[in-house]
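All remarks here apply to the structure that follows.
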Amino acid sequence: MMRRPRRPACSKPQRTLLAGLASLVLLSGCAAQADSPDDVTLVMADSFPQTHPLALGGTNEMINTLQSDEAKALGIDLEYYANGQLGDQKDMVSILRSGVADIAPVSPAYVGPELQLSNIGDLPGYVGNAHAGASAIMDLLDDDGILYRTEWKPRGIRALWAASIPHYEAMTANIQVTEPSDMAGATIRSTGGAADRAVDFVGAAGVSMPLGEMYEAISRGTVDGTLASPVSVASYRLGEVLDYSTNGARLGAFTVTYAVSIDTWDQLNDQQREFITQASATAQKGAATQVEKAQIKGLNQMKDEGVEFHDVTDEERGMWNKMVEPVIDGWSHDLEERGLPAAEVVEDYETAIARYDNDEPTAE
């Protein structure tokens, strides 16, 4: 349980004692009066640098809101730990469950079997823009949503807001990809999880490695390319070693959801929950805006670095969809075989995507 009463003038042991003895006004050596029992200091873990588009539009906004005077008036304070100080991305569910943090980003691609159904947000063919991806996955994570009921609630976590990094493309050196079969036999880096299925389906050899190692790997010819978004590629200047990229292939996305421990959530009062809910909605919108801006900036930077793009036409869309459909069907079938309601998740997610996918991207 990480719901910590705020006692700024007291030592940590004194704060712990005050949490259990809220009726006491003073403790020896403590200069301040006991605050309201509703006062709470939330610990927020993060795995992204504050220069990342998700942080620029979303995380930083949330931090500022939860550390504002308005938050303090409601009895909320926030301790923030960036860049994996409290744990790696793969550890975030455990960090929340164990009480090390109250709020943390959860990425299904990194947590393996714990959130297999939630990996649907990363499957190819679905997400057209960052707003649609985030909004659709949140529909399945609300209190009545299938992902919350089957995966998140049993693990003691709930979603505050989501972000989606879509626009995953086939980016290669030496091999120009204009259709899925062009990747057959190539060595392609994948992000893991659902993305591995797309790589396997086209007959490529999948390689798992951090994106930060791709520059050297491509330069040496260790790998032929990667599935990635210009949002991420630009910051590593991979356009300097890449020759080609598709544009509009919709080869997947990367989904991250900022989650809160249910134990922490249940201990907040109604005003605090409403305040955090509103801050989360603002963060989600801001993150989507920044991702779309970063997408355009990344495309332009890659073009400036000499990458040649193949724009997927409306006529070619059917060819790419023929690749996507069996990948989604295979994902669903395998999880159904394990007793998980993947078919229902697919149906609900496709309904949600259709609801949001025609919305204007938020880069303007």
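Residues Asp77 and Thr41 bring no donor and acceptor atom of their side chains to less than 3.5 Å of each other. Checked by atom type, the side-chain pair Tyr349/Asp139 shows no donor-acceptor distance below 3.5 Å. Side-chain atoms of Asp122 and Thr255 form a donor-acceptor pair, as typed in the model, at a separation below 3.5 Å.
Here the side chain of Arg158 pairs no donor or acceptor atom with the backbone of Trp265 at under 3.5 angstrom. Remark: side-chain polar atoms of Ser107 are not paired, donor with acceptor, to backbone N or O of Ala109 under 3.5 angstrom. Judged by distance alone, with hydrogens and angles left aside, the side-chain atoms of Asn129 form a donor-acceptor pair with the main-chain N or O of His131 at under 3.5 Å.
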* Asked: After noting the C-alpha distance and the side-chain angles of Asp69 and Lys72, does the key distance pass the salt bridge (Lys or Arg N to Asp or Glu O under 4.0 Å) rule?
  -> CA-CA 5 Å; Asp69 290 341; Lys72 289 179 172 59; 5.4 Å; no
* **Verdict with reasoning, Phe309 to Tyr244, per side-chain contact (heavy atoms from CB on, under 4.5 Å)** => CA-CA 6 Å; Phe309 283 86; Tyr244 305 104; over 6 Å; no
* Asked: Going through the checks in order, is the side chain to side chain donor-acceptor pair (under 3.5 Å) test met by His167 and Glu292?
  -> CA-CA 10 Å; His167 313 296; Glu292 289 300 323; 3.2 Å; yes
* To do: Under the side chain to side chain donor-acceptor pair (under 3.5 Å) rule, what do Glu179 and Ser181 come out as? Steps first, then yes or no, please.
  => CA-CA 6 Å; Glu179 58 184 63; Ser181 61; 2.7 Å; yes
* CA sep, side-chain torsions, deciding dist, call: Tyr80, Asp46, side chain to side chain donor-acceptor pair (under 3.5 Å) -> CA-CA 8 Å; Tyr80 175 71; Asp46 207 353; 2.6 Å; yes
* Chi angles and distances behind the side chain to side chain donor-acceptor pair (under 3.5 Å) call for Thr246, Trp320 -> CA-CA 11 Å; Thr246 56; Trp320 287 95; over 6 Å; no
* List the steps, then state whether side-chain contact (heavy atoms from CB on, under 4.5 Å) holds for Leu268 with Ile276. => CA-CA 10 Å; Leu268 300 174; Ile276 293 172; 3.6 Å; yes
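In terms of heavy atoms, Ala198 sits closest to Met323 at CB-CE, 4.0 Å. Among all heavy-atom pairs drawn from Gln272 and Asp38, the shortest one is NE2-O, 2.8 Å. Considering all non-hydrogen atoms of both residues, Gln290 and Pro53 come closest at CB-O, 3.3 Å.
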Exercise answer: donor-acceptor pairs, residues 58-65 side-chain atoms, under 3.5 Å, sequence neighbours excluded:
residue: Thr59; atom: OG1; partner: Tyr258; partner atom: OH; Å: 3.1
residue: Asn60; atom: OD1; partner: Gln50; partner atom: NE2; Å: 3.2
residue: Asn60; atom: ND2; partner: Gln50; partner atom: O; Å: 3.4
residue: Asn60; atom: ND2; partner: Ala55; partner atom: O; Å: 3.4
residue: Asn64; atom: ND2; partner: Asn60; partner atom: O; Å: 3.2
residue: Thr65; atom: OG1; partner: Glu61; partner atom: O; Å: 2.9

For residues 335-347, run the donor-acceptor check on the side chains, cut-off 3.5 Å, and write out each pair with its distance to 0.1 Å, sequence neighbours left out.
residue: Glu336; atom: OE2; partner: Ala342; partner atom: N; Å: 3.0
residue: Glu336; atom: OE2; partner: Ala343; partner atom: N; Å: 2.7
residue: Arg338; atom: NH1; partner: Gln116; partner atom: OE1; Å: 2.4

N/O donor-acceptor pairs under 3.5 Å from side chains in residues 294-302, not counting sequence neighbours:
residue: Asn300; atom: ND2; partner: Ile296; partner atom: O; Å: 3.3
residue: Gln301; atom: NE2; partner: Ala234; partner atom: O; Å: 2.8
residue: Gln301; atom: NE2; partner: Glu305; partner atom: OE2; Å: 3.3

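With a 6.0 Å radius and a threshold of 12 heavy atoms from other residues, nucleotides or ligands, Gln67 has its CD atom above the threshold. For Glu216, the CD atom is loosely surrounded, since the number of other residues' heavy atoms within 6.0 Å does not exceed 12.
Interatomic distance, NZ of Lys285 versus CH2 of Trp161, reported as 14.5 Å (0.5 Å rounding). Ile353 contributes atom CD1, which lies 8.5 Å from atom OH of Tyr126 (distance to the nearest 0.5 angstrom). A distance of 9.0 Å separates CD1 of Ile157 from CG of Leu141, quoted to the nearest 0.5 Å.
Across Thr172, Val202, Val177, a single residue satisfies side chain to side chain contact (heavy atoms under 4.5 Å, CB included) together with Asp182, and that is Val177.
Note: the hydrophobic cluster containing Val106 also contains Ile137 (ILVMFWY, side chain heavy atoms under 4.5 Å, direct or indirect links).
For the pair Arg237 and Tyr215, the cation does not sit on the ring face, since its NZ or CZ is not both under 6.0 Å from the ring centre and inside 45° of the axis.
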